[in-house]
Amino acid sequence: MAGYKSDFLNVMQERGFIHQISDDSALDDLLSKQRVTAYVGYDATATSLHIGNLISATMLYWFQETGHRPIALMGGATSLIGDPSFRDDQRKLLTQETIDENIQGIKKIFSRILRFGDGPGDAFMVNNADWLLKLNYVEFLRDVGRHFSVNRMLSFDSVKLRLDREQSLSFLEFNYMILQGYDFVELSNRYECRLQMGGSDQWGNIVNGIDLGHRMGTPQLFALTTPLLTTSSGAKMGKSAKGAVWLNGELYSPYDFWQYWRNTEDADVGRFLKIFTRLPLDEISRLAALGGNEINEAKKVLATEATAVVHGREAAEEAAETARKTFEEGALAESLPTITVPASELARGFGVLALFVQAGLASSNGEARRALQGGALRINDQPVSDERMTIGDDAVTSDGVIKLSFGKKKHVLVRPS
């Protein structure tokens with residue numbers, strides 16, 4: 001549907017968030033006439049969200065900015081099972097204590113993205129443990145389970161993938177989609193929630209909830225999903241040499257987060273500026289049109305703005321300044337990522353390849369060796385050419401650290417403890 005009446009769907013369309021909508025004309029009409037409540041669900045399987053979750057969290061941000069009420073639903077109960085969608089095996093089962101700790105970590109991230117409070121347009125966070133853990137199993141089967149067709153559930157891509165590969169799908173996991181569908185009905189009844197948003201991999205689960213709501217007498221419910229985000233070269237977003245790109249600064253530093261965006265492929269700059277920053281579209285168009293070396297300035301803007309959304313403006317500008325000093329002035333910036341090693345171990349000496357692996361700059365000795373052979377490894381800004389070299393405490397500079405560099409953009413300080 002081209003050209004929406006509602007501000008929210010126009011923003012979603014202009015910024016590239018829309019993959020599927022269950023009934024776009026009816027949803028557009030609803031959004032243009034009244035304040036609507038929508039939610040995104042997040043299972044608390046880690047103490048942090050990651051870049052993939054930032055897309056849906058940003059949808060909630062724009063939902064609030066265009067006058068509506070967002071809900072961040074924490075899966076305190078569903079995390080006890082784990083979403084089986086498009087996984088090859090069952091998730092590790094978590095304890096309730098671990099899940100509660102993870103939710104506290106996730107709350108800190110949302111406090112930067114949404115405005116929480118008691119006003120009519122303020123965001124709020126709820127936990128599906130409040131209703132799912134109180135269910136009577138037999139009553140639930142009779143009142144809710146009878147509305148689900150096993151034949152239809154078996155047709156979902158997320159289930160078919162496991163069955164086609166002859167990989168076990170436990171009854172526990174099979175129940176996940178029933179519980180997620182029931183969440184939508186419960187949020188509709190409790191908070192007049194009409195819209196669920198999420199990634200395209202959640203389409204089947206969301207539609208399940210819409211169908212359940214129809215059978216259980218809720219008002220019409222709606223789904224809106226985003227495309228699976230990949231880079232122009234086809235790589236799935238959210239992975240780095242250090243693993244997942246977390247939104248928690250303790251797991252993935254603001255500086256590393258800034259660098260992740262600074263290394264964006266040229267062809268992705270405009271698209272990522274639309275999705276991951278709050279810059280006006282005309283400014284984004286100007287930045288995306290830059291060519292040659294000037295595109296690097298657009299990447300720095302992307303890095304700073306995306307980092308400001310997640311870590312705050314001060315941390316973003318500090319990361320940008322650290323990068324400037326390190327790359328443009330060759331200075332040693334104290335806010336570079338740092339690891340500590342026991343002074344006694346450093347006195348005995350580290351193999352150069354092992355030290356780069358321990359610092360997270362290489363995933364294996366083989367990768368470090370190939371980088372060394374290509375002239376990409378440096379210690380204290382000096383090239384390393386001998387893979388059998390041992391790094392000892394004599395490499396510690398007057399600043400009290402050893403600076404490791406992998407290429408021009410990846411640096412880690414090693415500090416003896």
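Everything numeric in this text was worked out from a predicted model, so none of it was measured.
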- Is there a donor-acceptor contact under 3.5 Å linking the side chains of D256 and Q259? no
- Query: Do N102 and T47 meet the criterion of a side-chain donor-acceptor pair at a distance under 3.5 Å?
  - Reply: no
- Looking at CG of L31 and CZ of R194, how far apart are the two atoms once the value is rounded to the nearest 0.5 Å? 9.5 Å
- Task: Kindly state each residue pair satisfying salt bridge (charged side-chain N to carboxylate O under 4.0 Å, His left out) with at least one member in residues 304-314, sequence neighbours excluded.
- Result: E305-R313
- Task: Sorted by first residue and then second, give each salt bridge (charged side-chain N to carboxylate O under 4.0 Å, His left out) pair with at least one member in residues 203-222; sequence neighbours left out.
- Result: D211-R215
- No-hydrogen, no-angle side-chain donor-acceptor test under 3.5 Å, H19 and S200: no
- Task: Sorted by first residue and then second, give each salt bridge (charged side-chain N to carboxylate O under 4.0 Å, His left out) pair with at least one member in residues 58-74; sequence neighbours left out.
- Result: E65-R115
- Kindly write out the residues that satisfy side chain to side chain donor-acceptor pair (under 3.5 Å) with T304, not counting sequence neighbours, or none if the list is empty. W258
- Task: Write out all pairs satisfying salt bridge (charged side-chain N to carboxylate O under 4.0 Å, His left out) with one or both partners inside residues 121-139, taking only residues at least two apart or from two chains.
- Result: none
- Report the residues that fulfil ring pair (Phe, Tyr, Trp, His ring centres under 6.0 Å) with F184, sequence neighbours left out, ordered by chain and then residue number. Y39
For a quick test of your reading: what N or O donor-acceptor pairs under 3.5 Å do the side chains of residues 269-276 make, sequence neighbours left out?
unit_1: R271; atom_1: NH1; unit_2: T230; atom_2: O; d: 3.3
unit_1: R271; atom_1: NH2; unit_2: T230; atom_2: O; d: 2.8
unit_1: R271; atom_1: NH2; unit_2: D268; atom_2: OD1; d: 2.8

Side-chain donor-acceptor distances from residues 218-227 under 3.5 Å, at least two apart:
unit_1: T218; atom_1: OG1; unit_2: G213; atom_2: O; d: 3.1
unit_1: Q220; atom_1: NE2; unit_2: D23; atom_2: OD2; d: 3.2
unit_1: T225; atom_1: OG1; unit_2: Q20; atom_2: N; d: 3.4

- Does a donor on one side chain sit under 3.5 Å from an acceptor on the other, for S233 and E265? yes
- Return the set of residues passing ring pair (Phe, Tyr, Trp, His ring centres under 6.0 Å) with F110 (not counting sequence neighbours), or none when no residue passes. Y42
- Non-neighbouring partners of A123 that pass side chain to side chain contact (heavy atoms under 4.5 Å, CB included), sequence neighbours left out: Q64, P70, L114, F116
- Task: Could you tell me which residues satisfy side chain to side chain contact (heavy atoms under 4.5 Å, CB included) with T95, sequence neighbours excluded, listed by chain and number?
- Result: E97, T98
- Query: Is there any ring-ring contact (aromatic ring centres under 6.0 Å, His included) pair reaching into residues 185-209, and which pairs are they, with sequence neighbours excluded?
  - Reply: F124-Y191
